[in-house]
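Inspection log for the structure reproduced underneath, given as structure tokens.
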Protein chains: 2
Amino acid sequence: MATVTAAERRAEAKRAYDAYVAACPSRKLLDTLSDKWVSLVLNALADGSKRYSDLARTIAGVSQKMLTQTLRGLERDGLVTRTVTAAVPVRVDYRLTSLGESLLPLMAAIKQWAESHIDDVEAARLRYDADSENSP
Amino acid sequence: MATVTAAERRAEAKRAYDAYVAACPSRKLLDTLSDKWVSLVLNALADGSKRYSDLARTIAGVSQKMLTQTLRGLERDGLVTRTVTAAVPVRVDYRLTSLGESLLPLMAAIKQWAESHIDDVEAARLRYDADSENSP
DNA sequence: CGGGATCCTCCCTGATACTG
DNA sequence: CAGTATCAGGGAGGATCCCG
């Protein structure tokens with residue numbers, strides 16, 4: 001890589017995806033990944049396929065509308081597969097694709113970080129709010 | 001309201017934070033971390049402190065309202081520090097705290113994943129949309 | 001059981017203007 | 001420069017009803 005001209009570097013920089021650019025597709029993808037329901041759904045599918053009702057039970061507080069909407073988006077983006085088993089009653093299973101599984105460790109890490117650092121954050125909030133009372 | 005026994009309360013207290021529970025503080029923290037601006041701001045502060053205007057320039061498309069609001073939230077949660085330098089004109093610098101730095105690798109990984117897998121996702125979308133045209 | 005369709009309500013967000 | 005204040009609109013998201 002010794003002979004990389006400045007022009008080549010400029011061309012590369014121009015071509016590479018950059019999530020800081022508002023119009024860049026990767027920025028929009030980052031926006032969708034930064035959805036509260038996406039991270040929870042992906043984590044919920046960590047250990048194999050789950051039925052729709054299983055997901056709804058695991059992720060407390062999600063409305064069926066948002067769950068369906070989130071799953072549709074993930075399916076469209078190739079992160080989960082949707083399998084309908086014709087039976088009575090109908091059975092629908094969701095499972096991570098290999099692409100989804102490549103993302104899972106990152107989402108799991110975020111979720112875990114939130115659960116293990118919430119104490120630090122709440123302590124910081126108390127300090128911040130206490131300071132705010134004295135200034136105005 | 002159901003009666004909650006002392007044993008139940010003890011069991012609840014003993015249980016670790018679980019982001020799947022809607023009322024759990026860690027769930028709310030996960031929600032704030034799952035904010036499109038939060039991930040971008042944290043990434044923008046990766047290599048040292050930055051001024052307000054630097055951040056606004058780095059993160060294309062953010063309104064000053066949302067940037068300020070996001071920074072205030074991050075400051076309150078103890079993820080960034082805000083330093084005002086009395087001068088003309090005023091200078092305000094933002095920097096990650098150690099807590100914020102512990103989160104940075106995770107956010108950077110997400111951003112990088114988005115930039116490197118956007119092609120796969122767009123391909124999946126084309127396939128999904130193509131299939132949808134044949135069914136209705 | 002697993003949604004689709006509808007309605008309705010905030011709040012997120014984007015301009016715009018002003019200040020220290 | 002680094003915000004604060006205010007207003008308006010648009011879409012995200014919840015609740016409800018219904019169907020295959």
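So you know, we letter chains A, B, ... as the sequences are listed, proteins then strands, and number each from 1.
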Open item on the list: Just by distance, no angles: are the side chains of A:T68 and A:Y52 close enough, under 3.5 Å, to form a donor-acceptor pair?
Closed with: yes

- [ ] Just do the salt bridge (charged side-chain N to carboxylate O under 4.0 Å, His left out) check on A:R57 and A:D54 with the steps written out, would you?
- [x] CA-CA 5 Å; A:R57 217 172 309 113; A:D54 289 337; 3.3 Å; yes

TODO: Could you check if a side-chain atom of A:L67 sits within less than 4.5 angstrom of a side-chain atom of A:R72, using non-hydrogen atoms only?
DONE: no

Task: Integer-rounded Å distance: C:dG3 P and A:L67 CG - done: 8 Å

TODO: Carefully, step by step, assess B:D93 and B:K50 under the rule salt bridge (charged side-chain N to carboxylate O under 4.0 Å, His left out).
DONE: CA-CA 5 Å; B:D93 289 271; B:K50 272 204 172 67; over 6 Å; no

- [ ] Determine which pairs satisfy ring-ring contact (aromatic ring centres under 6.0 Å, His included) with at least one residue from residues 97-117 of chain A, sequence neighbours left out, and list them in order.
- [x] A:W113-A:H117

Open item on the list: Measure OH/B:Y94 against P/D:dA2 and give the value in whole Å, please.
Closed with: 9 Å

- [ ] Taking atom CZ of B:R125 as the centre, report whether more than 12 heavy atoms of other residues, nucleotides or ligands fall under 6.0 Å from it.
- [x] yes

- [ ] Before accepting this row, confirm whether a basic side-chain N of the pair A:D31/B:K36 lies closer than 4.0 Å to the acidic partner's carboxylate O.
- [x] yes

Give every pair of a protein N or O atom and an N or O atom of nucleotides 15-18 of chain D that lie under 3.5 Å apart, one pair per line with the distance.
unit_1, atom_1, unit_2, atom_2, d
D:dT16, O4, A:Q64, NE2, 2.9

Open item on the list: At a heavy-atom distance below 4.0 Å, what parts of residues 76-93 of chain A sit against DNA chain D?
Closed with: none

- [ ] List in numerical order all residues of residues 31-59 of chain A for which some heavy atom is under 4.0 Å away from an atom belonging to DNA chain D.
- [x] A:W37

Open item on the list: Under the rule for salt bridge (Lys or Arg N to Asp or Glu O under 4.0 Å), what residues qualify as partners of A:E115, not counting sequence neighbours?
Closed with: A:K111

Open item on the list: The criterion is side chain to side chain contact (heavy atoms under 4.5 Å, CB included); which residues satisfy it with A:V88, sequence neighbours excluded?
Closed with: none

Task: Separation of atom CE in A:M66 from atom C1' in C:dG2, rounded to whole Å - done: 17 Å

Task: Flag for B:D119-A:Y17: side-chain donor and acceptor within less than 3.5 Å - done: yes

